[in-house]
Amino acid sequence: MRSVLLALALAFPASAFAAGGEDFSPPRPTQTTTECAEGLVYDDTTKACVAPKESNLSDDALYQAVRELAWAGRFETARAAIAAMSDASEDRVLTYLGFIHRKEGDMDGAMAYYSAALSRNPDNLLARSYIGQGFVEMGQIDRALAQLREIRARGGRMTWADVALDQAIRTGRGTSY
């Protein structure tokens, strides 16, 4: 899978992977995951690890922290960062709430969040990929294939969302990110 993603990264501009303004590459570790204890995020303004609600981080910076924390498996801190955002009902946030629930084994909760994200933004390719990967994990390959077709129909061919879901369908396993 890494070789496929590397080949795609070299063959396509970064914008090809950022459909809908999303960055599908794994987040680079920052002080939030390398220095801060569970429950804390790094605040560049204060140069300290603080509780998300006490940080000076913008919603976009909190969202990046959510991505980094979720991919690192630090789900409680990711939830705390979401709670600190001004609008936790954005489709990008709902997508990561779905991701967290899926990785914790709560498929019903995950599917509810992914569905809510897609209700808000049917072009959310990341939510489509993650819900498709959830379908793969539940053995519902026909539903996963339907999401793959939707990703491609919405201009997402050869994006991370497309490649990751296609790989999940072929291997029977979702990605860890």
Side-chain angles (χ1 to χ4, degrees), residues 1 17-27 29-30 32-33 36-41 51-53 55 57 59-151 154 156 159-169 171-177:
M1 178 68 170
F17 293 96
E22 295 296 330
D23 179 5
F24 297 141
S25 60
T30 68
T32 292
T33 53
C36 296
E38 188 66 36
L40 304 177
V41 296
K53 284 201 180 281
S55 75
L57 299 175
D59 277 359
D60 285 340
L62 284 166
Y63 173 73
Q64 292 305 319
V66 168
R67 289 184 69 238
E68 180 182 351
L69 290 160
W71 290 28
R74 293 176 56 186
F75 303 131
E76 288 308 312
T77 306
R79 282 187 179 97
I82 288 169
M85 295 178 75
S86 64
D87 184 4
S89 67
E90 291 180 21
D91 65 290
R92 66 182 182 166
V93 175
L94 294 169
T95 300
Y96 270 96
L97 283 168
F99 177 90
I100 291 167
H101 279 266
R102 182 167 61 96
K103 291 304 174 183
E104 289 178 328
D106 175 13
M107 284 302 209
D108 291 338
M111 293 301 172
Y113 280 113
Y114 293 144
S115 294
L118 291 171
S119 290
R120 289 193 170 276
N121 178 7
D123 291 326
N124 183 327
L125 302 183
L126 185 59
R128 289 195 178 281
S129 184
Y130 285 161
I131 198 170
Q133 291 176 52
F135 289 141
V136 167
E137 292 169 18
M138 294 186 302
Q140 298 175 11
I141 303 304
D142 57 330
R143 295 180 80 185
L145 285 165
Q147 289 303 319
L148 185 62
R149 285 190 295 274
E150 281 291 326
I151 289 168
R154 294 170 186 277
T159 62
W160 182 91
D162 176 62
V163 172
L165 181 51
D166 184 63
Q167 178 81 9
I169 291 166
T171 64
R173 291 188 320 266
T175 61
S176 61
Y177 55 91

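Treat the numbers as computed from the prediction; the structure is a model and nothing was measured.
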If we only count heavy atoms from C-beta on, is the [X] to [Y] side-chain gap below 4.5 Å?
{"X": "Leu125", "Y": "Trp160", "answer": "no"}
{"X": "Arg74", "Y": "Val41", "answer": "no"}
{"X": "Gln133", "Y": "Leu165", "answer": "yes"}
{"X": "Asp59", "Y": "Arg92", "answer": "yes"}
{"X": "Ser115", "Y": "Ile131", "answer": "yes"}
{"X": "Tyr130", "Y": "Tyr96", "answer": "yes"}
{"X": "Ile169", "Y": "Leu145", "answer": "yes"}
{"X": "Met138", "Y": "Arg143", "answer": "no"}

Restricting to non-hydrogen atoms, name the atom on [X] and the atom on [Y] that form the minimum distance, rounded to 0.1 Å.
{"X": "Ala88", "Y": "Ile82", "value": "CB-CG2, 3.7 Å"}
{"X": "Glu90", "Y": "Arg120", "value": "C-CD, 4.4 Å"}
{"X": "Ser129", "Y": "Ile151", "value": "N-CD1, 3.7 Å"}
{"X": "Pro52", "Y": "Gly39", "value": "CD-O, 3.4 Å"}
{"X": "Ala70", "Y": "Ile100", "value": "CB-CG1, 4.1 Å"}
{"X": "Gly109", "Y": "Asp106", "value": "N-OD1, 2.9 Å"}

Could you give the distance from [atom1] ([X]) to [atom2] ([Y]), rounded to the nearest 0.5 Å?
{"X": "Met85", "Y": "Leu62", "atom1": "CE", "atom2": "CG", "answer": "6.0 Å"}
{"X": "Gln167", "Y": "Arg173", "atom1": "CD", "atom2": "CZ", "answer": "8.0 Å"}
{"X": "Phe99", "Y": "Lys103", "atom1": "CZ", "atom2": "NZ", "answer": "5.0 Å"}
{"X": "Leu57", "Y": "Gln64", "atom1": "CG", "atom2": "CD", "answer": "11.0 Å"}

Worked check of side-chain contact (heavy atoms from CB on, under 4.5 Å) between Val66 and Val93: CA-CA 8 Å; Val66 168; Val93 175; over 6 Å; no

Side chain Glu38, main chain Thr77, donor-acceptor under 3.5 Å: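 Confirmed, Glu38 side chain pairs with Thr77 backbone.
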
Donor-acceptor pair, side chain of Glu150 and main chain of Arg128, under 3.5 angstrom: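 Checking the backbone N and O of Arg128 against the side chain of Glu150, no donor-acceptor pair under 3.5 Å is found.
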
Exceeds 12 heavy-atom contacts within 6.0 angstrom, atom OH of Tyr113: no

